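Quick note on labels: first sequence line is chain A, next is B, and so on, each numbered from 1. Everything numeric here is computed off the predicted structure, so don't read it as measured data.
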Amino acid sequence: MATQTHTKPPQAVLQYRGKNFDASAVETFLYDWWDASGFFTPGPERPGEKPFVMMLPLPNVTGDLHLGHALGFGGYEDLMARWHRMRGEPTLWLPGSDHAGIIAQIVVEKELAKEGAGRKGKDSSPTLGLSRAEFLAEMWRWMDHYKPRIYKQLRMLGCSLDWTRVHFTMDPDMQRRVRIHFIRMYRKGHLYRADRIVHWCLTCQTTYSDLEALHVVRTDQLSYVRYPWAQPMPAGTPDVVVATTRPETIVADTAVAVHPDDPRWKGLIGREVLVPVSERKVKLIGDLAVDREFGTGVLKVTPGHDATDFEIGQRHGLQVLSAIDTRGFMTPAAGPLAGLDRDTARTAMIERLKEKGLLVRQEPITHNVGIHDRCETVDEPLVMKQWWMKMAPLAKPAIEAVRRGAVRIVPKYQEKIYFEWMENIRDWPVSRQIWWGHSIPVWYCTDCNEIVVPDEDAPDPTACPKCRSTELRQDPDVLDTWFSSALWPHSTLGWPEQTPDLARFYPGSVLETGYDILFFWVARMLMMGIENMGDIPFQTVYLHGLVTTERRKMSKSKGNVVSPVGMIEEHGADALRYALVNGIAAGADSEFSEGKLENGRRFVNKLWNAGRFGLAQLEARPSALTGPIDVAPTGPDLTEADRWILSRTEATVEDLTRLLEQYQFGEYATALQQFVWTELADFYIELAKPQRRPAGSLDAAVRTLAYVLDRVLRLAHPSIPFVTETLALQLWAHGRTSDDAPSLVVSAWPKPGARDAGLEDRFGLAIEVIRRIRERRQEADLDPRTKVQVALGGDAAPLQPFAEIIASLTGAEVRFGGGEGAPTLVRAVEVRVDVPREAATDRARLEKELADALVLLEKTRVLLGSEFATKAPAPVIARERAKLAEREAAVASLRSELAKA
RNA sequence: GGACCCGUGGCUCAGCGGUUAGAGCACUCGGUUCACAUCCGAGGGGUCGCUGGUUCGAAUCCAGCCGGGUCCACCA
């Protein structure tokens, strides 16, 4: 990357030699160096380039990272960003944080309470004393404290974010963009102001949207209350009895409703009853929303305090009475209950009903109750004037974009959930009655009630354009925090100006986040991106699963949130990042466990030590390196083992590249570990040790090690950047690479080189033979230092070149052909391990092997004798036939041995 | 109430139509401390939730049921 001004790598990293990898010794040095060197900033635009662009799912500014963030940011997103960057794509991963509206306000209010201040004029405030302007000044003061804090945590995770482009949703320029967006949406008629029933939080003193309402199961008293007929009725007319959990709202009833087809009530619809206590006459109406099965089949209709009832009320033109105010106290409209809080009012109402003989009975009921997701206060539905966004027209093209494949959701089944929600989308209440947030660019004229919305980039209005009055009052509300984050993919790049960044980086490539904010954020970004840009904001949505504890989603309210910060400090970011991703399928939830973290730590350490071994060999023979490290070594001095690990390395390059292309990050991590630990460390490094090398091949081992390490470090870097970079810098100090990369961050992702599939297969057979010999030794309970004779017979010719390797790894003397003792079979190879065994035991083992072999042979025979032989695909049949031959040979061999025994 | 996901060895998870179903942890046994206060080697352990169906062939596809989870929803 041409223009980057990288400095020399930190000495502390170059010199770090710990026997066990101590991440804390290198992490901060490396991150600061990467950042300062500009590695995370895309270089200048090149013609024909295909940039990789991702937006960080902006964390709440006052929040702490939790494991879900560690999984998303560190596990998947940084992995993708680093991988694409290494593939040569100019990569922009844009960081930022969300002002988090009500959450941040609550956090800071608590801080201020400690200092003895708070919001003025709100009774719910911890303390009094601050004007709105003073309070906002305090908010900004606290932002200076929280912003570096959350950004520091992102850096700890190793996220390769472009900090030169960091944004905060409340930055002045972002406020301007939000204001322009609001004005445009208003002029287009997408935003409107209306009296509707909304969720109201008595604690937070604000409205909130359906998405922010949670439901919990609770047991309450269900009271059956009789509403006397308002006029004399014929004998035998049933009593009107409603069942309610909220008797205090009876005073705001403006109808009672039954199902229009309910035979019990059919003829009575239109008659009137008396609302208990308030003695008001209301009609019995018929509405389809009524459930005939529930209670008595009669519903009390309270449009002012229940969402269903509000809708019924609208259909029937019912009056809306508000009996509860925004602080939860009964209003004058509540008559005798006026002034009581809602809980006291409930008890009082029950007492009055009892006195009047209208309380029929009470019984416990278990039902769902809505609560505010931020504070868990029980929802108080109220009718209020709010700003709403009309969603259906915006949803349409966003649905279409996914349907026609312009936007792809991974895993695919999440698309169904997306469609389901988008097709039934409801209007979005966007105003909030708090102070911290984007203000609404709307003024109301005190004199003529005109609504004044200024032009884009116009100053705040000072006079009413209609009546010239200067008595203008700005809407005191602020916008839902998701209103600004919905614009994130284009607002951060400069919209509405046609900036170079916007032209170059919009639309983005991938949006990675947890599936739990699909609606909150992803869907809204799609809608606003299409609306404002005329184009989708990203091509792929990758949704990861939840990190659970005891099978449950982590959430603050459950108190089961685990912090990754301590884990990073203790085990290193690499270990954590790797542990979270390893072995987890796309989109699957995963239970966090210490065991995973431990495995991650050990894997990182394993790689570190494999690297240390390689470096030590290189230091011992510095002249061995003749060309660039990353050019595959050749030459007659390469051993079979060298050529094998080289071929396996290329195979691993192929596999891992494919897995990443398919978003199979869990499999990528597992395959990486398999290769590094088993093939590289347990087999190759053992064979690369000088004491095991044939004379004259020591340099070849060094060259091979250096090359394989270089490949592996590149392959592993996207997931475990710190340990790989530490090793790469030290490795590259010994010689150059063909890409001359100053850092793995900006090095080239390997392209697979030539493989020798035949060699891989033959070496694989040798490994199987080695394992069988070890097994026989173990069975025989031999002292490990004892040399044994091993004779390889049958079809052992392919193993000739590996005789030394087999001998070296099993402590055996290997001969071909002949040999004493009964064989054990590995594919078509007869392995005779000459161990002192009694004939009887030996015979028993042969008999068991034969029995097993016969079972397998029979299985294959039956299969090939069935319809399989005519209906299965040819290659599958061919494989089975080959197996048949192998198994027949095995049986024959065992039989002849048994005859001799 | 609806939708979706999951149910595979003691634990955490892969595999999602074709060899004797894999990995890590845990467990048993045997070594080692010469890259790895560790590591190496070997082993035991699974009727792939249940019941049907489709198929030459099902852990894998379909249906129903049971259990767990998540989301959506106006049952008072």
Side-chain angles (χ1 to χ4, degrees), chain A residues 19-21 197 210-211 215 222 242-246 249 257 289-291 293-295 298-302 306-312 365 367-368 370 381 411 413-414 416-417 420-421 424 515-516 518-519 545-546 548 551-553 579 582-585 587-596 598-600 602-603 605-617 664 666-667 670-671 673-674 677 681-682 685-686 689-691 770-771 774-779 781-785 809-810 852 855-856 859-860 863 866-873 875-877 879-880 882-883:
Chain A
K19 212 173 165 189
N20 287 285
F21 185 66
I197 194 143
D210 292 334
L211 279 178
H215 296 273
L222 183 65
V242 308
T244 180
T245 52
R246 299 204 61 189
T249 66
V290 180
D291 179 356
E293 310 303 318
F294 188 89
V298 189
L299 174 70
K300 73 193 250 327
V301 183
T302 322
D306 183 278
T308 311
D309 295 5
F310 182 80
E311 285 172 21
I312 293 175
I365 180 175
H367 64 150
N368 280 327
Y413 60 75
Q414 292 284 353
K416 272 179 268 181
I417 298 168
E420 176 70 19
W421 190 74
N424 298 296
Y515 64 68
D516 52 335
L518 178 59
F519 307 138
L546 305 171
T548 61
R551 295 278 158 218
R552 303 228 159 214
K553 175 180 177 171
N582 183 25
I584 305 301
D589 293 349
S590 57
E591 176 77 2
F592 180 76
S593 71
E594 283 292 327
K596 287 180 183 178
E598 182 59 17
N599 173 250
R602 293 184 342 142
F603 172 58
N605 193 239
K606 193 72 186 176
L607 180 59
W608 170 247
N609 273 288
R612 277 205 323 139
F613 174 81
L615 287 168
Q617 301 306 308
Q664 308 255 28
E667 288 283 291
T670 306
Q673 174 166 338
Q674 181 66 26
W677 207 315
D682 289 346
I685 286 183
E686 285 310 312
K689 288 181 176 172
Q691 62 268 33
I770 287 165
R771 294 207 161 120
R774 286 171 173 168
E775 188 186 344
R776 294 283 294 125
R777 290 192 67 126
Q778 199 92 5
E779 271 173 20
D781 209 14
L782 289 182
D783 184 289
R785 280 168 296 260
L809 293 178
T810 58
D852 292 346
V855 168
L856 292 178
K859 261 185 156 171
T860 312
L863 185 61
S866 73
E867 280 180 88
F868 171 85
T870 52
K871 296 200 172 165
V876 178
I877 297 172
R879 229 180 300 148
E880 285 303 315
K883 208 156 64 185

Q.
Would you measure the distance from the P atom in B:rU19 across to the matching atom in B:rA59 and give it in whole Å?
A. 11 Å
Q) Please walk me through it: do A:N582 and A:N599 pass side-chain contact (heavy atoms from CB on, under 4.5 Å)? A) CA-CA 10 Å; A:N582 183 25; A:N599 173 250; 3.7 Å; yes
Q) Quantified in whole Å, what is the P atom distance between nucleotide B:rC34 and nucleotide B:rG17? A) 49 Å
Q.
Which nucleotide, if any, forms a Watson-Crick or G-U wobble pair with B:rG46, using both distances under 3.5 Å?
A. none
**Q.** Closest contact, heavy atoms only, A:D589 versus A:T548
**A.** CB-CG2, 4.5 Å
Q. Are side-chain heavy atoms of A:L299 and A:D309 found at a separation under 4.5 Å?
A. yes
Q: Looking only at side-chain atoms of A:K553, point me to the closest of B:rA76, B:rA73, B:rC71.
A: B:rC71
(Q) Could you check whether any side-chain N or O of A:K871 sits under 3.5 Å from a backbone N or O of A:S866, counting only pairs where one atom can act as donor and the other as acceptor? (A) no
Q: Quickly work out the A:K859 NZ to B:rG57 P distance and round it to whole Å.
A: 15 Å
Q. How does protein contact run along nucleotides 3-13 of chain B, one letter per nucleotide 5' to 3', with B for base contact, S for sugar-phosphate only, - for none, heavy atoms under 4.0 Å?
A. -SS------SS
Q.
Under 3.5 Å for both donor-acceptor distances, Watson-Crick or wobble: does B:rA23 have a partner, and if so which one?
A. B:rU12
Q | Inter-nucleotide P distance (B:rG44, B:rG49), Å rounded | A | 24 Å
Q. What is the distance from CZ of A:F868 to P of B:rC56, rounded to the nearest Å?
A. 13 Å
Q | Of the listed nucleotides B:rC36, B:rU70, B:rG18, the one nearest the side chain of A:N609 | A | B:rC36
Q: Under 4.0 Å between any heavy atoms, over every strand shown, what does A:E880 touch: base, sugar-phosphate, or nothing? Just pick one.
A: nothing
(Q) Output the rounded distance in Å from CD (A:Q617) to C1' (B:rC36). (A) 14 Å
Q: Whole angstrom is fine here: how far is it from CZ in A:F294 over to P in B:rG1?
A: 13 Å
Q | Integer angstrom distance from the P of B:rG24 to that of B:rC39 | A | 13 Å
Q: Provide the Watson-Crick or G-U wobble partner of B:rG7, both distances under 3.5 Å; none if there is no partner.
A: B:rC66
Q. Between A:E779 (CD) and B:rA42 (P), how many Å, whole number?
A. 13 Å
Q) Does the pair A:F868 and A:V876 meet the rule for a side-chain contact (heavy atoms from CB on, under 4.5 Å), with working shown? A) CA-CA 9 Å; A:F868 171 85; A:V876 178; 3.7 Å; yes
**Q.** Pair A:F519-A:D210, side-chain contact (heavy atoms from CB on, under 4.5 Å): steps then yes or no
**A.** CA-CA 11 Å; A:F519 307 138; A:D210 292 334; over 6 Å; no
Q. Over how many whole Å does the gap from A:L211 atom CG to B:rC71 atom C1' extend?
A. 10 Å
Q) For B:rA73, does the glycosidic angle fall within 90° of 0 (syn) or outside that (anti)? A) anti
Q: Respond yes when some side-chain nitrogen or oxygen of A:R879 is under 4.0 Å from OP1 or OP2 of B:rG18, and no when none is.
A: no
Q: With the side chain of A:T244 defined as its heavy atoms from C-beta on, choose the nearest nucleotide among B:rA76, B:rC74, B:rC36.
A: B:rA76
Q. Where the side chain of A:N609 meets the backbone of A:N605, is there a donor-acceptor pair that is under 3.5 Å apart?
A. yes
Q) What distance, rounded to whole Å, do you find between the two P atoms, one in B:rG46 and one in B:rA63? A) 31 Å
Q: Looking at every strand, decide which applies to A:K300 at a 4.0 Å heavy-atom threshold: base, sugar-phosphate, or nothing.
A: nothing
Q: Check the pair A:L856 / A:K883 against side-chain contact (heavy atoms from CB on, under 4.5 Å), numbers first and verdict last.
A: CA-CA 10 Å; A:L856 292 178; A:K883 208 156 64 185; over 6 Å; no
Q. Under 4.0 Å between a side-chain N or O of A:H367 and OP1 or OP2 of B:rA76?
A. yes
Q.
When the P atoms of B:rU20 and B:rG57 are compared, how many Å lie between them, rounded to an integer?
A. 15 Å
Q.
Any side-chain N or O of A:K19 below 4.0 angstrom from OP1/OP2 of B:rA35?
A. no
(Q) Under 4.0 Å, counting only non-hydrogen atoms across every strand here, what does A:P873 touch: a base, just sugar-phosphate, or nothing? (A) base
Q) For the side chain of A:Y515, counting heavy atoms from C-beta on, which of B:rA42, B:rA35, B:rU70 is nearest? A) B:rU70
Q. Which nucleotide in the list B:rC40, B:rG24, B:rC36 gets nearest to the side chain of A:R612?
A. B:rC36
Q.
Can you tell me the base-pairing partner of B:rC71? Count Watson-Crick or G-U wobble geometry only, both distances below 3.5 Å, and say none if there is no partner.
A. B:rG2
Q) Taking all non-hydrogen atoms of both residues, which atom of A:T308 and which atom of A:A289 are closest, and how far apart? A) CG2-CB, 4.3 Å
Q) Taking the side chain of A:K883 as its heavy atoms from C-beta onward, which of B:rA73, B:rU19, B:rG41 lies nearest to it? A) B:rU19
Q) Taking the same atom, P, in B:rC11 and in B:rC74, what whole-Å distance lies between them? A) 39 Å
Q.
Taking the nucleotide of RNA chain B with the nearest heavy atom to each, does A:A681 or A:A872 sit closer to the 5' end?
A. A:A872
Q: Quickly work out the A:Q778 CD to B:rU28 C1' distance and round it to whole Å.
A: 11 Å
Q. Between B:rG43, B:rC40, B:rC72, which nucleotide has the shortest distance from any of its atoms to the side chain of A:E775?
A. B:rG43
Q | A:K553 and A:D516, any side-chain heavy atoms less than 4.5 Å apart | A | yes
Q) Between the base of B:rA76 and the side chain of A:D291, is there a donor-acceptor distance below 3.5 Å? A) no
Q | Base partner of B:rC39, which must satisfy Watson-Crick or wobble distances under 3.5 Å | A | B:rG31
Q) Expressed as a whole number of Å, how far does the P atom of B:rC5 sit from that of B:rG15? A) 15 Å
Q) Which residue, A:N605 or A:F519, contacts RNA chain B at a nucleotide closer to its 5' end, judged by nearest heavy atom? A) A:N605
(Q) What is the distance, to the nearest angstrom, from the CD atom on A:E867 to the C1' atom on B:rU55? (A) 10 Å
**Q.** For B:rC56, the Watson-Crick or wobble partner whose two distances fall under 3.5 Å
**A.** B:rG18
Q. Counting any heavy atom closer than 4.0 Å, what does A:E686 reach on the DNA or RNA strands: base, sugar-phosphate only, or nothing?
A. base
Q) Between the base of B:rC36 and the side chain of A:K606, is there a donor-acceptor distance below 3.5 Å? A) yes
Q: For A:D682, answer base if it contacts any base atom (sugar-phosphate contacts may also be present), sugar-phosphate if it contacts only those atoms, and nothing otherwise; contact means non-hydrogen atoms under 4.0 Å.
A: sugar-phosphate
**Q.** 4.5 Å side-chain heavy-atom contact, A:D306 and A:T249
**A.** no
(Q) At 4.0 Å (heavy atoms only), tell me whether A:R246 reaches a base, stays on the sugar-phosphate, or touches nothing. (A) nothing
